[in-house]
Amino acid sequence: MQKLDESLLTHLPPFAKLHRSQIRAILDQASSKRFDPELTVFSEGETAERFYMLLDGYIRVIRITPDGEQVIALHIPAGQLFGIAPAIGRESYPATAVTAAESIILSWPTRLWTDFSTNYDGFATETYKTLGSRIGEMNNRILEMATQHVEQRVANALLRLINQTGRKTENGVEIDFPITRQNISEMTGTTLHTVSRLLSAWQKQGIVESQRKRVMVRQPHQLVELAQGPLSS
DNA sequence: ACATTAATTATGT
DNA sequence: ACATAATTAATGT
């Protein structure tokens with residue numbers, strides 16, 4: 001196993017307050033692995049042997065319904081911890097983590113979790129921050145599902161994607177990992193057909209631009225408008 | 001207002 | 001050439 005450079009972690013929130021020696025110790029206990037796209041890192045219900053830091057790439061957090069249907073709960077961008085079951089007092093993973101793009105992932109044995117959170121300044125508070133914002137996001141999605149129409153939900157999903165994982169180009173903001181109509185439908189509780197129709201319509205209006213597995217938003221403001229939906233009553 | 005079904009076409013290896 | 005992705009129309013709830 002070759003040595004990992006300390007600069008990999010120094011700027012990431014959970015480790016930002018630590019000294020080089022501490023980072024060194026953390027890295028020396030980590031294992032590093034590269035994942036191709038669409039590979040499962042861990043599965044729902046598995047015993048949480050390890051916790052993870054995404055160094056590069058994107059993670060999709062998914063759950064499977066009893067009848068085998070996929071639901072995408074969340075996307076995680078590089079620089080965040082995931083699979084942190086110990087932080088919420090669980091010994092099995094509550095969901096499945098799949099790479100959405102080629103990714104580089106560090107991981108540690110779960111038994112180190114208490115070490116990390118007691119000995120390393122800022123680690124605990126920062127992880128609870130990200131945990132908090134993920135819960136907040138999922139709460140918003142629950143509200144959307146219950147109250148909004150599909151068009152608004154798809155608009156909101158795209159907005160979240162470009163905010164969290166957007167890459168700016170000349171013409172707009174592009175989601176910087178491959179994403180299909182099917183994927184978007186799994187995020188919004190609709191069908192790939194409806195998503196396809198919506199994207200086609202929005203493309204004609206110049207709001208988005210999409211090819212196979214690629215979606216770019218040209219006019220975020222227009223999407224925000226659509227996300228508001230028709231004014232109540 | 002949306003899903004489902006089915007047929008057709010486009011796109012990437 | 002083959003598999004996967006996307007579009008489109010028709011029909012159903």
Side-chain angles (χ1 to χ4, degrees), chain A residues 33-41 43-44 56-77 95-104 137-233:
Chain A
K33 193 168 179 240
R34 194 195 66 88
F35 285 76
D36 280 327
E38 305 298 328
L39 291 183
T40 299
V41 181
S43 297
E44 176 178 351
D56 191 30
Y58 292 94
I59 294 292
R60 265 206 310 270
V61 178
I62 68 180
R63 304 211 50 199
I64 312 290
T65 66
D67 32 292
E69 217 179 325
Q70 275 202 15
V71 177
I72 298 179
L74 200 60
H75 283 93
I76 296 174
T96 298
V98 177
T99 53
E102 180 179 329
S103 300
I104 298 171
E137 178 180 335
M138 294 195 287
N139 276 339
N140 288 338
R141 292 202 340 113
I142 292 175
L143 256 189
E144 284 175 28
M145 292 288 194
T147 62
Q148 298 185 339
H149 297 159
V150 263
E151 184 179 47
Q152 308 170 247
R153 302 206 302 264
V154 174
N156 274 312
L158 288 185
L159 286 171
R160 261 195 301 273
L161 284 169
I162 62 166
N163 284 331
Q164 296 169 3
T165 76
R167 185 170 43 83
K168 291 179 189 73
T169 70
E170 310 92 77
N171 298 331
V173 189
E174 184 169 22
I175 298 166
D176 102 342
F177 56 86
I179 188 162
T180 64
R181 312 287 188 267
Q182 173 83 41
N183 290 149
I184 296 173
S185 74
E186 287 164 357
M187 304 175 57
T188 52
T190 179
T191 63
L192 73 157
H193 310 271
T194 301
V195 173
S196 179
R197 276 188 282 268
L198 286 170
L199 288 183
S200 300
W202 293 346
Q203 176 139 338
K204 277 175 196 158
Q205 301 171 242
I207 300 173
V208 304
E209 196 175 308
S210 61
Q211 302 109 48
R212 139 184 291 236
K213 292 200 182 190
R214 287 274 150 202
V215 177
M216 176 170 76
V217 178
R218 305 191 58 145
Q219 286 147 250
H221 181 72
Q222 298 290 326
L223 264 193
V224 174
E225 292 289 306
L226 290 169
Q228 309 296 123
L231 298 182
S232 46
S233 96

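In this text, all values refer to a predicted model and were calculated from it rather than measured experimentally. Every chain is numbered from 1, with letters handed out A, B, ... down the list of sequences.
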Distance check needed: dA5(C) P versus Leu199(A) CG, whole Å only. 15 Å

Rounded to the nearest Å, what distance is computed from the CD atom of residue Gln211(A) to the P atom of nucleotide dG12(B)? 8 Å

If you measure from CD on Gln205(A) to CZ on Arg218(A), what distance do you get to the nearest 0.5 Å? 13.5 Å

If only atom types and distance count, is the side chain of Gln70(A) paired as donor or acceptor with the main-chain N or O of Glu186(A) below 3.5 Å? no

When we call it a touch if two heavy atoms are under 4.0 Å apart, what does Ser200(A) touch: a base, just sugar-phosphate, or nothing? sugar-phosphate

Keeping the roles fixed (side chain from Thr99(A), backbone from Glu38(A)), state whether a donor-acceptor pair exists under 3.5 Å. yes

Arg34(A) versus Ser103(A): any side-chain heavy-atom pair under 4.5 Å? no

Measuring to OP1 and OP2 of dA6(C), would you say a side-chain N or O of Ser196(A) lies under 4.0 angstrom away? no

Just N and O in the side chain of Thr190(A): are any of them under 4.0 Å from OP1 or OP2 of dA3(B)? yes

Nearest to the side chain of Thr180(A), which nucleotide is it out of dC2(B), dT8(C), dA6(C)? dA6(C)

Rounded to whole angstroms, how far apart are CD on Glu186(A) and P on dA6(C)? 12 Å

Nearest-Å distance for atom pair CH2/C1', residues Trp202(A) and dT7(C): 16 Å

Could you tell me the separation between the CZ atom of Arg197(A) and the C1' atom of dT5(B), rounded to a whole number of Å? 11 Å

From CD of Gln203(A) over to C1' of dA5(C), roughly how many Å is that when rounded to an integer? 15 Å

Using only side-chain N and O atoms of Arg181(A), determine if any of them is under 4.0 Å from OP1 or OP2 of dA6(C). yes

How close or far is atom P of dA7(B) from atom NE2 of His193(A), stated in whole angstroms? 13 Å

How many whole angstroms separate atom CZ of Arg214(A) from atom P of dG12(B)? 11 Å

